[in-house]
Structure formats: C-alpha cells, structure tokens
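All ligand and atom numbering here is 1-based and tracks the order in the structure.
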Amino acid sequence: MIGLFDSGHGGLTILDALHRRLPRQGFIYLGDHGHAPYGQRSPEEIYQLTRDGVASLFALGCTLVVLACNTAAAVALRRLQQEWLPQHFPHHRCLGVLVPMIEEIAHNPWHAEAGASDWARAPETLGVFATRATVASGAYVHEVEKRAPRVRIFQQACPDLAGRIEAGAEEAELAAMVTRYVGELLAQLDGAPLDSVVLGCTHYPLVEHLFRAALPENVRILSQPLRTAESLTAYLFRHPEMKHFGNLPAEIRAYTTGDPTLVANLASRFFPRHLPWRNLPAHTARIELHA
Ligand code: DGL
C-alpha cells in the first residue's frame, strides 16, 4: 500500500486523481484532522506533525508515502528526506506534491540540468495561492527560480481558506474569500498579465470553480492532482518494487487523528467513494515523537 498524508481532507483531492490513474494500486490515507489546519503553525510544529504522520503510515506497512499536502511538503519534506529517513528508515521513501508542479511550471524534469527549461512553454507570469506557511517557506519561489528563472512568480497567502473548507463553510463565504485573495494577487502584478496559477494547497481544488470565476478568463489553472498522478505513475514505473497492484477494486483504507464520524460526513465532498474512516491503531500513533 502507498501512504498518503495530509493535515486533513485536502489530500483526498490527490487520492482521487491517484485512484483514477492507478485503479489497481492500494492506498492508505491519513488525515491529521486532530491538528489541522497546518497553515498557521510554525515550521517546527509542521515538521514534527508530518514526521509523526509518516511514521504512523510506515507502521501500517507503507514503504512509500506521498505528502499530499503542500504545507508539509514545502516545510518538512527535505528535512525528512535528508535527516530522518536515512537514519530511521533507509529503505522507505517519501515524496511530495511540489516537485510535480515545479516540473510542470518549468517544463523540465526535476533532475534535468538547471536552465534546460523549455522556455517557450513555461509561463511568463505565475501566481501561487497557498497557506501562510507554504508562502513563508518560499519553496515554490526558490525552486521555480532555480529551474526557470525567467518565470515571474507571485505568491498569495490565503490564511483560513483551508480551515474554512475543512469546516464545511457555506459556498458564499468561500466565494468571498477566494475573490478577495484573487484580487490581492492581481494587485501585486500591477497591471501585468497573469498567465497561469497553481492552487498550491490540496484543499483548494475543492473550490477551483470559485478561483475560475474570480480569475481573468484566459488564466490557466495548473492541476496539482493530475500532475501528481502522472508523476507518481512515472515514479512507480522507475521503481517497480514500490508498487503493489492487486485486484480491482483496490483497497483504500482511511485513518484520521480526529473524529471519524465528523470526518466521514465531510469527506464525501472530497472523494466520491465511501471510505471507512477509523482512528489509528494505538501501536502506530506518535511512535517517533522523540526521534
Ligand atoms: N492541504 C494542505 C496544503 O496542501 C494544508 C492546509 C492546512 O492544513 O492549512 O497545504
């Protein structure tokens, strides 16, 4: 089983795309609803919560975990890959949702030479909507600048948006928030045309229609769930030992650190299939808290 981790419901938008692309692959989803939202937390808290979540997924038998959360990927992934995994789980792997987006923006595979970007296809001006922690990490800006320095990138933090989506807020309230954040991003551009945007939080595809309505008509919205599904498929092709294709329909297990009944009520908005939400078995919880 491949593990997927998010602060709450958002990663289900990624799970949906992965399940469509890889219908025979089993997945275990863990939403840290008990500590969501992550976007307003400190980098150290985000790192520790993410590490504990990944450790729980490893304890459930996953050897590959995708951080289906931009905030966790932007803040914690590099440290997990460089420090924690080699020391504690040298044969396990952890991937994120930023790399597929950076590849899409730069039109360049992650390990290609810097500057080898296909300029003609890269956007000139890019907007990134994300949580406050993702914006503060600067991860999108640094990685895009390294790989496609001609792209002008503008970030817009959307504090509270993931939290209000997570809480099941009314459409009108969410529409007003999205309209305000789009307006703030456009104001940063000072009249320059905007080519493309990334919804850089896995909760935002749930309100993509609201972004579409608020953005100028010709702006492209790059799809993180689709890109992540393509990227993971390519990864499994390169690392067949990480894939575990079974019979249809593949098993999907869902765990939460929150209240399974409350989570199940909202989750159907994010993922069309019924998921049997459970709390983590005691032996998996917080096993690496002091690592
Ligand atoms: N869904 C997450 C992301 O992609 C985090 C939202 C939050 O917990 O603040 O950034």
Side-chain angles (χ1 to χ4, degrees), residues 3-18 29-54 57 65-78 80 94-102 104 127-141 143 155-169 174 177-178 181 197-208 210-211 221-229 231-232 254-258 262-263 266-267 269-271:
L4 270 140
F5 177 76
D6 181 51
S7 61
H9 286 99
L12 292 171
T13 60
I14 303 290
L15 176 63
D16 187 28
L18 295 184
Y29 185 90
L30 172 59
D32 192 8
H33 298 88
H35 301 100
Y38 278 13
Q40 317 288 73
R41 290 183 178 273
S42 72
E44 189 56 30
E45 279 178 314
I46 294 167
Y47 172 74
Q48 290 190 15
L49 290 168
T50 304
R51 186 198 57 193
D52 291 348
V54 173
L57 285 163
V65 169
V66 178
L67 299 184
C69 174
N70 288 266
T71 309
V75 175
L77 182 58
R78 184 164 296 205
L80 289 176
C94 208
L95 305 172
V97 283
L98 258 75
V99 168
M101 293 319 289
I102 305 291
E104 165 91 350
V128 177
F129 296 98
T131 65
R132 193 172 270 162
T134 300
V135 167
S137 78
Y140 272 103
V141 174
E143 298 303 341
Q155 301 192 96
Q156 178 61 49
C158 310
D160 295 343
L161 183 55
R164 296 306 295 148
I165 295 171
E166 188 84 10
L174 298 174
M177 289 175 97
V178 168
Y181 293 134
V197 296
V198 173
L199 304 186
C201 167
T202 53
H203 284 71
Y204 301 169
L206 257 288
V207 289
E208 181 172 332
L210 301 178
F211 277 97
I221 299 179
L222 307 179
S223 171
Q224 187 166 51
L226 287 183
R227 269 304 304 155
T228 304
S231 176
L232 183 67
Y255 292 92
T256 176
T257 57
L262 291 180
V263 168
L266 260 181
R269 286 178 56 204
F270 292 74
F271 189 75

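- Taking every heavy atom of both residues into account, Leu98 and Gln224 meet most closely at N-NE2, 4.5 Å.
- Judged as a side-chain contact (heavy atoms from CB on, under 4.5 Å), and not counting sequence neighbours, the contacts of Val178 are Leu161, Val182, Val207, Leu210, Phe211, Ala214.
- Legend: residues meeting side-chain contact (heavy atoms from CB on, under 4.5 Å) with Ala72, ordered by chain and number and at least two apart, are Thr50, Leu67, Cys69.
- A 4.5 Å side-chain heavy-atom check between Arg41 and His35 finds at least one atom pair inside the cut-off.
- Arg132 is linked by a side-chain contact (heavy atoms from CB on, under 4.5 Å) to Gln40, Pro159, counting only residues two or more places apart in sequence or in another chain.
- Protein residues with a heavy atom closer than 4.0 Å to ligand 1 are Asp6, Ser7, Pro37, Tyr38, Gly39, Cys69, Asn70, Thr71, Thr131, Ala162, Cys201, Thr202, His203, listed by chain and number.
- When each of Leu18, Leu4, Ile14 is tested with Leu232 by the rule side chain to side chain contact (heavy atoms under 4.5 Å, CB included), just one qualifies, namely Leu18.
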